[in-house]
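We count ligands from 1, going down the list as the structure has it; atoms in each ligand are counted the same way. Since this is a predicted model, take the numbers as computed values, not measurements.
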Amino acid sequence: MDIQSKYPSESAVKKTEIVFPNDANPMGMLQGGRLIEWMDVAAAVCAQIHAGNISVTASIYEVEFFHPATVGDIITIEATITRAFNSSMEILARAFGRKVKDSTNKKVGEAFLLFVAIDDQAKPILVPAVTPQTSEEIMLYEQALERKNRKSSARK
Ligand SMILES: CC(C)(COP(=O)(O)OP(=O)(O)OC[C@H]1O[C@@H](n2cnc3c(N)ncnc32)[C@H](O)[C@@H]1OP(=O)(O)O)[C@@H](O)C(=O)NCCC(=O)NCCS
């Protein structure tokens, strides 16, 4: 492996939360915005470990909510890097929820987050490449380029 390349497992992050009433709507369901905030923090840690540098959120996309989580549920967010480009890195954040008295984990939501590593003047700087290992990592790595190209065309 190239010295300037890292495995996704080196920066993978798991963040755990409990849904409190302040995180929920009047029906006790976790608010989407709060889940995105938790995903953003987990993804920022993942990106910064990979880059070895401060990194900022440039974009959040393909956000989906699958199952509602409610007050008291335990939420686990798994953030993993799919691919690095020049200064930007795509992170996949997946959120799972479980009831305290039930061991089954349900997928609550997921999102892709694009982070850019910056220097002391807040200018983008190069980041190490990603070397995917598992079949899922390879699939996500390949699809990341398609997502990046689609987004670049849309931004133009
Ligand atoms: C993100 C930021 C550092 C990019 O700076 P910039 O001078 O516009 O940089 P560039 O146009 O040269 O782009 C740098 C990289 O970011 C990517 N990028 C920038 N904005 C992007 C966006 N909205 N979506 C996807 N990619 C984006 C570019 O494709 C490029 O990728 P590459 O270097 O891997 O090829 C700058 O726009 C910024 O600071 N934004 C605010 C970030 C912030 O405050 N986030 C917190 C949320 S409020």
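Scanning the protein heavy atoms around atom 38 (C) of ligand 1, the nearest turns out to be Val56 CG2, 4.7 Å. The protein non-hydrogen atom at the shortest distance from atom 3 (C) of ligand 1 is Ile118 CG2, 3.9 Å. In terms of protein heavy-atom proximity, atom 33 (O) of ligand 1 is nearest to Ser87 OG, 2.7 Å. Nearest protein heavy-atom neighbour of atom 34 (O) of ligand 1: Ser88 OG, 2.6 Å. The single protein non-hydrogen atom nearest to atom 26 (N) of ligand 1 is Leu114 CD1, 3.5 Å, given as residue, atom name and distance. For atom 27 (C) of ligand 1, the closest non-hydrogen atom on the protein side is Arg155 NH1, 3.3 Å. Atom 41 (C) of ligand 1 has as its closest protein heavy atom Thr57 O, 4.7 Å.
Listed by number with element, the atoms of ligand 1 under 4.0 Å from a non-hydrogen atom of Ser59 are 24 (N). Within ligand 1, the atoms closer than 4.0 Å to a non-hydrogen atom of Lys151 are 24 (N), 25 (C), numbered from 1 in the order shown. Listed by atom number, the atoms of ligand 1 under 4.0 Å from Pro124 heavy atoms are 5 (O), 9 (O), 14 (C).
Of the protein's heavy atoms, at least one falls inside 4.0 Å of atom 46 (C) of ligand 1. By the definition of a contact as any protein heavy atom under 4.0 Å away, atom 8 (O) of ligand 1 is not in contact. Within a 4.0 Å radius of atom 22 (C) of ligand 1, the protein contributes one or more non-hydrogen atoms. Protein heavy atoms are found less than 4.0 angstrom from atom 43 (C) of ligand 1. Within the 4.0 Å cut-off (strictly below), a protein heavy atom is located near atom 16 (O) of ligand 1.
Inter-residue side-chain proximity for Arg34 and Val19 is flagged as unmet; no heavy-atom pair is nearer than 4.5 Å. Annotation: side chain of Glu10 is not in contact with side chain of Ile49 (no heavy-atom distance under 4.5 Å). Using a 4.5 Å heavy-atom cutoff, the side chains of Met27 and Pro68 are not in contact.
Distances from atom 30 (C) of ligand 1 to the heavy atoms of Lys148, Glu90, Lys123 show the closest one on Lys148.
In Asn86, the parts holding a heavy atom less than 4.0 Å from any atom of ligand 1 are both the side chain and the backbone.
Without hydrogens or angle criteria, Thr82 side chain to Glu90 main chain gives a donor-acceptor distance under 3.5 Å. Gln48 places a side-chain N or O within 3.5 Å of a backbone atom of Ser55 that can act as its donor or acceptor partner. The backbone N or O of Glu146 sits nowhere less than 3.5 Å from a side-chain atom of Asn149 that would complete a donor-acceptor pair. Distance alone, capped at 3.5 Å, places no donor-acceptor pair between the Lys15 side chain and the Ala79 backbone.
Note that Arg147 lies outside the cation-pi zone of Tyr61, set by a 6.0 Å cut-off to the ring centre and a 45° limit from the axis.
Taking the charged nitrogens against the carboxylate oxygens, Asp73 and Arg98 have no contact shorter than 4.0 Å, which rules out a salt bridge.
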Q.
Using side chain to side chain donor-acceptor pair (under 3.5 Å), reason through Lys6 and Ser11 one step at a time and then give a plain yes or no.
A. CA-CA 8 Å; Lys6 292 182 177 177; Ser11 55; over 6 Å; no
Q: Using the side chain to side chain contact (heavy atoms under 4.5 Å, CB included) rule, take Phe115 and Asp40 through it: C-alpha gap first, then chi angles, then the decisive distance, then the call.
A: CA-CA 10 Å; Phe115 280 80; Asp40 189 34; 3.4 Å; yes
